[in-house]
Colleague: 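Okay, handing you the structure first.
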Amino acid sequence: MKDGIRRAIDAIRDRYEEPLSLDDLARSAMISKFHFLRTFRRVTGVTPGRFLSAVRIHEAKHLLSTTTLSVADISIQVGYGSLGTFTRRFTECVGLSPTAYRRVAQGEPLPEDGATHPLRDRPAGSLSGRIHAIPPAESPIFVGVFDSPVPRGRPVTSRLIEQPGPFRLTTVPAGRWHLLAAAVGPTADGHSVPSLLLGMSDELRITPGRHVQVELTIRTPDWRYPPLLSVLPGIERLRVAA
DNA sequence: GAATCAGAACTCCGCGCGCA
DNA sequence: TGCGCGCGGAGTTCTGATTC
């Protein structure tokens with residue numbers, strides 16, 4: 001069954017600029033669309049539509065950072081028929097508008113959030129632990145707290161640590177969160193672009209005044225993981241420059 | 001003036017759920 | 001594993017504001 005899901009993911013990665021429907025993807029997996037939908041979600045953690053959208057936004061990030069194409073041209077190239085939809089989805093997923101992202105990719109500092117995160121005023125707890133890296137990270141390590149196992153937008157809180165080891169986030173709003181760690185990894189044989197090492201915790205429940213500990217290992221994500229879209233303060237520029 | 005961003009109103013289909 | 005159904009959200013179109 002996983003072979004079918006893998007064929008569908010290959011189809012998404014190869015043909016993201018086409019208007020792929022659920023029926024198209026189920027056909028490429030050679031299973032009924034009803035069973036395909038359930039299995040896809042179990043294997044990847046997201047629905048086929050969200051996976052396709054993530055691949056399109058990820059490709060748009062690449063084009064914004066490596067070409068001088070206009071935002072309108074890029075929206076068309078990655079499969080959006082509407083510039084308005086593209087801009088809205090990009091901003092939701094990445095946490096920056098397309099032109100703001102291009103500026104960051106070209107070396108400008110990451111703009112501060114104008115409005116603070118709506119949940120930052122909640123009573124807070126704290127989070128600490130240790131990050132492991134397999135293979136070794138070749139950049140500082142981004143550690144951030146998101147509200148979903150598929151990070152979107154900006155983290156509720158984050159910090160950068162210089163190397164694998166202990167970390168501490170002293171002000172994490174009360175709630176249910178996922179901890180993401182990411183760093184640039186070594187360049188794989190035959191590739192010019194280094195891999196991105198990722199690790200995502202299970203759901204963490206933060207309560208006011210309480211402390212939570214977590215151990216997390218970052219590694220090269222396998223084929224079933226959708227692209228990471230959130231902008232990563234501290235290592236985004238290193239990823240783009242690589 | 002061109003490019004970009006964002007809001008409003010609308011359509012349509014993906015998704016979740018329950019059942020067979 | 002297949003199917004039906006209703007809802008919500010993704011995408012489209014249009015438009016106006018903003019920036020350069």
Side-chain angles (χ1 to χ4, degrees), chain A residues 1-118 146-154 176 178 203 224-231 236 240:
Chain A
M1 188 60 72
K2 275 189 180 172
D3 287 343
I5 301 302
R6 182 156 196 170
R7 277 194 299 274
I9 288 175
D10 287 344
I12 289 173
R13 294 191 196 279
D14 291 342
R15 298 161 54 198
Y16 59 84
E17 74 278 8
E18 300 175 20
L20 290 173
S21 68
L22 189 59
D23 282 323
D24 295 332
L25 295 173
R27 266 197 296 275
S28 64
M30 293 190 285
I31 50 181
S32 82
K33 73 171 181 178
F34 312 103
H35 186 47
F36 170 70
L37 182 60
R38 276 191 284 257
T39 308
F40 192 98
R41 222 163 86 89
R42 194 176 66 240
V43 170
T44 68
V46 297
T47 60
R50 290 217 176 220
F51 199 107
L52 173 61
S53 178
V55 170
R56 285 175 169 168
I57 297 295
H58 185 256
E59 185 60 22
K61 287 176 70 178
H62 177 68
L63 291 173
L64 283 164
S65 59
T66 58
T67 73
T68 56
L69 290 171
S70 71
V71 173
D73 287 341
I74 289 172
S75 74
I76 293 166
Q77 275 210 22
V78 301
Y80 283 96
S82 156
L83 175 61
T85 301
F86 170 70
T87 300
R88 192 164 61 236
R89 291 280 163 262
F90 189 98
T91 305
E92 280 174 8
C93 293
V94 178
L96 297 172
S97 70
T99 47
Y101 176 79
R102 174 171 267 165
R103 284 197 291 269
V104 169
Q106 289 169 349
E108 289 191 20
L110 191 66
E112 286 296 317
D113 265 333
T116 55
H117 195 289
F146 291 85
D147 60 1
S148 154
V150 182
R152 291 161 67 96
R154 307 280 283 270
R176 297 168 190 269
H178 293 265
E203 185 178 88
R224 79 191 88 169
Y225 286 90
L228 178 69
L229 302 179
S230 294
V231 68
E236 192 73 26
V240 170

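Chain A is the first sequence line, chain B the second, and so forth, proteins listed ahead of strands; every chain is numbered from 1.
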Colleague: In this structure, how many angstroms lie between the P atom of C/dG11 and the CD1 atom of A/Ile57, rounded?
Modeller: 8 Å
Colleague: Taking A/Arg13 for the side chain and A/Val55 for the main chain, is one N or O donor matched with an acceptor at less than 3.5 Å?
Modeller: no
Colleague: At what distance, to the nearest 0.5 angstrom, does OG1 of A/Thr87 lie from CD1 of A/Ile74?
Modeller: 10.5 Å
Colleague: Please report the shortest heavy-atom distance between A/Phe146 and A/Ser230, naming the atom on each side.
Modeller: CE2-OG, 3.5 Å
Colleague: Do A/Val71 and A/Phe90 come close enough that some side-chain heavy atom pair is under 4.5 Å?
Modeller: no
Colleague: Tell me the interatomic distance from A/Phe40, atom CZ, to B/dG14, atom P, rounded to whole angstroms.
Modeller: 13 Å
Colleague: Is the shortest heavy-atom distance from the side chain of A/Phe40 to the side chain of A/Leu25 under 4.5 Å?
Modeller: no
Colleague: With pairs defined as Watson-Crick or G-U wobble and both distances under 3.5 angstrom, please note down DNA chain C as a dot-bracket string, | for pairing with another strand.
Modeller: ||||||||||||||||||||
Colleague: Rounded to whole Å, please give me the gap between CZ in A/Phe36 and C1' in B/dG16.
Modeller: 16 Å
Colleague: Just how far is it from atom CZ of A/Arg15 to atom CG of A/Asp10, taken to the nearest 0.5 Å?
Modeller: 11.5 Å
Colleague: Ignoring hydrogens, what is the shortest heavy-atom contact between A/Glu59 and A/Tyr16? Give both atom names and the distance.
Modeller: CG-OH, 3.0 Å
Colleague: So which protein N/O to nucleotides 4-7 of chain B N/O distances come out below 3.5 Å?
Modeller:
| from | atom 1 | to | atom 2 | distance (Å) |
| --- | --- | --- | --- | --- |
| B/dT4 | OP1 | A/Val71 | N | 3.2 |
| B/dT4 | O3' | A/Thr99 | OG1 | 3.4 |
| B/dC5 | OP1 | A/Ser97 | OG | 3.2 |
| B/dC5 | OP1 | A/Thr99 | N | 2.9 |
| B/dC5 | OP1 | A/Thr99 | OG1 | 2.3 |

Colleague: Roughly how far, to the nearest 0.5 Å, is OG1 of A/Thr66 from CZ of A/Arg102?
Modeller: 8.5 Å
Colleague: Check the distance between C/dG11's C1' and A/Leu52's CG and give it to me in whole angstrom.
Modeller: 12 Å
Colleague: Calculate, to the nearest 0.5 Å, the distance between atoms NZ and SG belonging to A/Lys61 and A/Cys93 respectively.
Modeller: 9.5 Å
Colleague: Can A/Tyr101 and A/Thr91 be said to form a side chain to side chain contact (heavy atoms under 4.5 Å, CB included), step by step?
Modeller: CA-CA 9 Å; A/Tyr101 176 79; A/Thr91 305; over 6 Å; no
Colleague: Report the distance from atom CZ of A/Arg7 to atom CD1 of A/Ile12, rounding to the nearest 0.5 Å.
Modeller: 13.5 Å
Colleague: At under 4.0 Å between heavy atoms, which parts of nucleotides 15-20 of chain C does protein reach? Answer with one letter per nucleotide, 5' to 3': B base, S sugar-phosphate only, - none.
Modeller: ------
Colleague: Whole angstrom is fine here: how far is it from CD1 in A/Ile5 over to C1' in C/dT1?
Modeller: 14 Å
